[in-house]
Amino acid sequence: MKSYQETLSELLETIRVLVPNAGEIDEDTELVGSLGLDSMKVMNLLQEVEDRFDVSIPLNVLPDVRTVGDLARKIHQLLEEQ
Amino acid sequence: MTLLDKFEPLQQARERLRGLGIDPFNVVVEKILSPTEAIVDGRRVILAGTNNYLGLTFHPECIAAAVRAVEEEGCGTTGSRMANGNYADHLALEREFAQFYDKPYSVVFSAGYLANLALLSTLPGADDVILIDADCHASIYDGCKMSAAEVIRFRHNDVDDLDKRLRRLKDRARRTLVVVEGIYSMFGDTAPLKAIAEVKERYGAYLMVDEAHSLGVLGERGRGLAEAEGVEDKVDFIVGTFSKSLGAIGGYCVSPHRALDTLRYAARPYIFTASSSPAQIASTRVALRLLRDGGELRRRLWANAERFYNGLKVLGCRLGPQLSPVIPVILGESREESLAVWKELLEGGVYVNLVMPPATPDHRCLLRCSMSAAHTPEQIDTLLQVFARVFSAHGVAAD
């Protein structure tokens with residue numbers, strides 16, 4: 001079972017590959033505002049992230065996912081529940 | 001920041017559209033002449049952007065039934081079926097839908113939108129899951145928002161992705177409602193329903209198919225994609241609308257599950273809406289009979305779709321993934337260019353739908369065209385001539 005920090009590191013690495021022009025990314029980076037992605041691109045990014053972690057992120061939780069850290073915590077929680 | 005400030009960007013976008021002289025998202029049909037012609041912006045145009053697939057909106061038998069219903073039963077019902085009572089014709093139409101699909105249970109709703117809201121907000125509860133195709137219609141997304149269930153998307157028409165997500169759900173897969181559409185409204189592509197039905201059976205999930213654009217269009221008897229693919233016995237809930245092939249307004253659901261009939265007592269979009277007017281129900285009853293016996297209408301519809309699709313292909317247009325009565329002509333990312341193309345088509349006497357992101361499945365604009373059984377070959381040739389002229393002027397066809 002991955003720790004939260006391991007999940008976060010893997011997520012950061014995944015996002016850097018998927019959004020190569022994003023610049024510096026950390027836990028506080030906002031998915032929509034700072035990464036320069038529109039809502040459609042965020043949904044595509046999420047699909048890739050879901051594949052990487054083999055989880056499905058419910059649409060219902062997305063309003064609470066603003067930053068990379070929020071997403072990492074959600075993925076960590078979903079992995080724990082599996 | 002006030003309550004109304006959030007509308008400012010939208011207002012500015014609207015002003016920019018107004019600068020064009022006509023707003024593609026607020027077109028006024030000054031006079032409707034037939035299923036395929038209207039007066040728009042002072043000129044006669046061919047309608048190639050409706051959902052009038054069988055061209056029944058002006059069918060004399062539908063009109064006569066609606067007129068008779070207005071005269072005998074009045075203009076409206078003034079209340080919901082639960083609080084104010086069912087009219088006999090509402091129940092008759094439900095029986096006729098059940099017979100048409102050979103299913104024991106059927107419910108009629110006041111709109112197709114409400115059918116999806118009712119099903120999705122009521123069937124799956126707090127511990128359940130809704131698994132929807134990413135390209136599903138807004139009514140399906142809105143129904144999901146009203147539901148207490150967990151909502152998960154799978155990649156459009158990707159059966160492997162659906163399989164993967166059902167696998168991740170483990171035991172909860174048996175509490176999952178998979179939702180797909182027969183024909184998708186923007187690209188006109190069909191769901192790979194046979195494979196989807198096989199996957200849902202393997203996991204013990206439930207399957208709902210929205211046949212809004214496929215009713216009357218697919219299947220020998222016009223029942224939609226599930227009939228065409230031979231998987232009707234594997235579909236748990238079929239929903240649809242009267243507002244396309246049936247040429248009226250309303251929605252329906254049929255099912256082998258008794259729960260559908262019980263849902264009337266729990267589904268707020270059913271309970272708290274006025275029931276359909278007598279005229280709508282009366283014309284729909286006739287249209288359903290015409291649709292059922294409409295093999296020749298379907299043949300004409302598909303012949304028209306093929307003629308238009310092939311003509312656009314010859315022009316070099318980028319089209320959707322498969323031949324269908326919904327024919328998207330894919331433009332580029334430039335909204336200004338797309339608006340100009342749409343406006344010039346209209347000025348040339350052609351009405352189609354301009355669709356822009358985020359309403360499109362990707363970042364490109366598209367012209368959503370649709371065919372009707374009522375189009376004549378001459379009208380289709382005229383459409384193609386206008387497309388050729390406008391696209392050639394904009395250099396978009398050869399992209």
Side-chain angles (χ1 to χ4, degrees), chain A residues 1-4 6-8 10-11 14-15 17-23 30-68 70-82, chain B residues 120-121 124-136 138 140-158 160-173 175-179 186 203 205 333 335 355-365:
Chain A
M1 179 70 212
K2 289 187 183 86
S3 68
Y4 167 71
E6 287 170 327
T7 304
L8 177 63
E10 202 174 322
L11 178 60
T14 306
I15 294 175
V17 172
L18 294 171
V19 196
N21 303 323
E30 290 189 4
L31 290 168
V32 176
S34 313
L35 287 180
L37 303 178
D38 59 29
S39 55
M40 203 183 289
K41 285 181 180 149
V42 167
M43 294 313 290
N44 293 338
L45 172 78
L46 283 177
Q47 286 181 340
E48 299 300 326
V49 168
E50 287 175 313
D51 278 351
R52 173 73 184 252
F53 289 93
D54 197 23
V55 291
S56 294
I57 303 166
L59 294 184
N60 323 51
V61 306
L62 294 184
D64 299 326
V65 174
R66 200 171 50 85
T67 65
V68 173
D70 293 336
L71 184 56
R73 272 184 287 281
K74 192 58 204 154
I75 293 168
H76 182 64
Q77 184 196 332
L78 289 167
L79 289 171
E80 270 190 333
E81 286 168 6
Q82 276 184 0
Chain B
L120 293 165
S121 66
D127 297 326
D128 305 328
V129 181
I130 309 174
L131 200 37
I132 61 170
D133 184 288
D135 281 7
C136 275
I140 291 171
Y141 275 90
D142 290 355
C144 289
K145 272 190 191 169
M146 288 173 67
S147 169
E150 195 170 288
V151 182
I152 295 170
R153 298 189 337 161
F154 65 94
R155 287 182 173 88
H156 175 54
N157 275 353
D158 187 333
D160 290 339
D161 197 42
L162 171 65
D163 190 324
K164 196 163 55 188
R165 289 171 191 277
L166 281 165
R167 170 181 57 75
R168 287 174 190 152
L169 288 167
K170 297 178 182 161
D171 290 348
R172 294 177 74 209
R175 306 180 60 103
T176 297
L177 179 66
V178 176
V179 186
M186 287 296 132
Y203 286 94
E333 292 184 36
R335 287 167 186 255
V355 191
M356 292 179 168
T360 54
D362 59 28
H363 51 281
R364 294 172 296 181
C365 301

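All chains are named by letter (A, B, ...) in the order of the sequence lines, taking the proteins before the strands, and each is independently numbered beginning at 1.
Looking at Arg168(B), only its side chain comes within 4.5 Å of chain A, counting heavy atoms on both sides. For a residue to count as touching a neighbouring chain, one of its non-hydrogen atoms must lie under 4.5 Å from one of that chain's; by this rule Val55(A) touches chain B with the backbone only.
Glu48(A) and Arg155(B) are joined by a salt bridge, as a carboxylate oxygen and a charged side-chain nitrogen come within less than 4.0 angstrom of each other.
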With salt bridge (Lys or Arg N to Asp or Glu O under 4.0 Å) as the test, would you mind laying out the steps for Asp54(A) and Lys164(B) before giving the verdict?
CA-CA 9 Å; Asp54(A) 197 23; Lys164(B) 196 163 55 188; over 6 Å; no

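To the nearest 0.5 Å, atom CG of residue Asp161(B) and atom CD of residue Glu50(A) are 7.5 Å apart. With rounding to the nearest 0.5 angstrom, the CZ atom of Arg153(B) is 11.5 Å from the OG atom of Ser56(A).
Closest approach of Asn60(A) and Ala149(B) over heavy atoms only: ND2-O, 2.8 Å.
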